[in-house]
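Structure first, then comments.
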Amino acid sequence: MPWLSVEPYNDEKGKALSRHFGVQGIPTLILVDENRKVISSNGRTLISNDTEGENFPWKPKPLSALDEMTVSTVNDEACLIYFTDGEEASIKKAQDIIKPVAEKFFKVAKEKDEDPPVFFFYTKGDETSDSLCEFAQIPDDDNLLVILDIPSQNVYISEEDVLTREGVEKFVMDFTNNKLEGKKLKG
């Protein structure tokens with residue numbers, strides 16, 4: 001390999017690193033920044049889908065499309081997801097409304113050297129979003145705002161009928177302040 005690697009099960013350092021990062025299988029590529037903060041525990045997928053390195057160093061963006069490259073974040077972090085109908089107008093509306101809110105939360109988190117309270121995604125009405133809805137038992141409604149928190153096994157569905165910046169920000173703040181009643185995921 002052209003980069004430093006560790007044999008995860010053959011020495012004590014490898015075993016300690018595997019425990020620290022929660023490595024479940026090999027090969028695993030965990031990307032860390034210059035401060036040793038995890039950028040992604042799914043480095044293999046990120047690099048495989050960006051062979052030219054255009055998105056290097058693959059840090060999370062404030063708002064991303066939920067797809068095969070980003071879906072692993074949903075397993076590890078609380079995520080705000082706007083399920084669109086896949087139409088270009090719905091996707092553009094989601095981007096225009098959610099991105100400024102996401103940028104605000106990312107900026108505050110960066111200033112505090114923390115992760116944002118949620119990671120922000122929109123769907124394209126594809127198989128990835130359909131599978132996620134089925135897994136989390138989220139209603140198959142288009143244009144639905146959800147916070148999916150797999151680590152705590154909860155899903156929160158916004159009651160707002162219309163997507164607004166204020167509504168998105170309030171939804172995230174209510175989640176952060178434990179003001180939302182979630183539904184337990186069945187597993």
Side-chain angles (χ1 to χ4, degrees), residues 17-25 28-50 55-84 94-95 97-124 126 128-138 144-158 167-187:
L17 280 171
S18 292
R19 280 190 301 276
H20 177 77
F21 288 112
V23 173
Q24 300 291 318
T28 296
L29 179 59
I30 297 171
L31 304 175
V32 294
D33 67 14
E34 63 277 2
N35 299 313
R36 298 186 181 132
K37 187 173 180 180
V38 174
I39 294 172
S40 176
S41 58
N42 192 25
R44 289 180 63 220
T45 301
L46 293 174
I47 292 170
S48 295
N49 287 304
D50 184 21
N55 296 310
F56 178 81
W58 303 286
K59 290 185 179 186
K61 296 177 180 144
L63 177 64
S64 298
L66 190 67
D67 56 27
E68 64 184 30
M69 208 163 94
T70 59
V71 75
S72 66
T73 304
V74 175
N75 289 322
D76 300 328
E77 306 290 344
C79 295
L80 179 137
I81 305 167
Y82 185 64
F83 289 89
T84 73
Q95 292 169 331
I97 292 172
I98 298 171
K99 189 173 183 181
V101 176
E103 287 172 338
K104 178 180 175 181
F105 279 102
F106 265 66
K107 180 180 178 196
V108 169
K110 184 175 183 179
E111 289 168 357
K112 294 179 178 182
D113 194 31
E114 299 175 350
D115 286 332
V118 297
F119 288 82
F120 295 81
F121 295 97
Y122 62 90
T123 69
K124 296 180 179 180
D126 58 11
T128 302
S129 57
D130 292 344
S131 296
L132 194 56
C133 281
E134 186 177 323
F135 164 77
Q137 298 178 333
I138 297 169
L144 184 67
L145 187 64
V146 169
I147 293 177
L148 182 57
D149 188 359
I150 290 178
S152 73
Q153 294 292 297
N154 285 301
V155 62
Y156 306 87
I157 300 173
S158 174
V168 172
E169 188 167 348
K170 181 179 182 328
F171 191 44
V172 174
M173 290 305 300
D174 286 350
F175 170 77
T176 303
N177 295 319
N178 296 313
K179 293 183 178 180
L180 298 177
E181 268 198 52
K183 182 178 86 171
K184 275 291 188 198
L185 293 173
K186 295 178 182 160

| When the aromatic ring centroids of Y82 and F121 are compared, is their separation below 6.0 Å? | no

| field | Any M173 side-chain heavy atom under 4.5 Å of F105 side chain | value | yes

| Is any side-chain heavy atom of K104 less than 4.5 Å from a side-chain heavy atom of E169? | yes

| said: Return the CZ to CD1 distance between F135 and I150, rounded to the nearest 0.5 Å. | reply: 4.5 Å

| If you measure from OH on Y122 to CG on L66, what distance do you get to the nearest 0.5 Å? | 10.0 Å

| field | Side-chain heavy-atom pair V172, P117 within 4.5 angstrom cut-off | value | yes

| said: Quick check on K107: does its NZ atom have over 12 non-hydrogen neighbours (other residues, nucleotides or ligands) under 6.0 Å away? | reply: no

| request: Please say whether more than 12 non-hydrogen atoms of neighbouring residues, nucleotides or ligands are located less than 6.0 Å from CD in E114. | output: yes

| said: Set out, in order, the CA-CA distance, both residues' side-chain angles and the distance that settles side-chain contact (heavy atoms from CB on, under 4.5 Å) for F83 and L132, then state yes or no. | reply: CA-CA 10 Å; F83 289 89; L132 194 56; 4.3 Å; yes

| request: Could you tell me whether K184 atom NZ has more than 12 heavy atoms of other residues or ligands within 6.0 Å of it? | output: yes

| side chain to side chain donor-acceptor pair (under 3.5 Å) between D67 and T70, intermediate numbers included | CA-CA 5 Å; D67 56 27; T70 59; 3.2 Å; yes

| message | Nearest 0.5 angstrom please: L144 CG to I138 CD1, how far? | response | 7.0 Å

| query | Any chance CD of E181 has more than 12 other-residue heavy atoms, nucleotides or ligands included, within less than 6.0 Å? | reply | no

| message | Please check: side-chain N/O of E77 versus main-chain N/O of V74, any donor-acceptor pairing under 3.5 Å? | response | no

| field | Mutual orientation of the aromatic rings belonging to F120 and F106 [parallel < 30°, tilted 30-60°, perpendicular > 60°] | value | tilted

| query | With no hydrogens and no angle check, is any side-chain donor or acceptor of D126 less than 3.5 Å from a backbone partner on S129? | reply | yes

| field | 4.5 Å side-chain heavy-atom contact, L148 and L185 | value | yes

| said: Between C79 and T73, is there a side-chain heavy-atom distance shorter than 4.5 Å? | reply: yes

| Can you find a pair of side-chain heavy atoms, one from N154 and one from Y156, that are under 4.5 Å apart? | yes

| request: Check the pair S152, D149 against side chain to side chain donor-acceptor pair (under 3.5 Å), reporting the backbone distance first and the verdict last. | output: CA-CA 6 Å; S152 73; D149 188 359; 2.7 Å; yes

| query | Does CD in E68 sit with more than 12 non-hydrogen atoms of other residues, nucleotides or ligands closer than 6.0 Å? | reply | no

| query | Take atom NZ in K110; do more than 12 heavy atoms of anything else shown fall under 6.0 Å from it? | reply | no

| query | For L80 and V146, what are the C-alpha separation, side-chain angles and deciding distance, and is it a side-chain contact (heavy atoms from CB on, under 4.5 Å)? | reply | CA-CA 6 Å; L80 179 137; V146 169; over 6 Å; no

| request: Tell me, yes or no, whether the heavy-atom count around D33 atom CG, taken from other residues, nucleotides or ligands under 6.0 Å, exceeds 12. | output: yes

| message | When you measure from the side chain of K183 to the backbone of Q137, do you find a donor-acceptor pair of N or O atoms at a distance under 3.5 Å? | response | yes

| note | From the list V118, I98, T123, V155, side-chain contact (heavy atoms from CB on, under 4.5 Å) partner of I81 resolves to T123

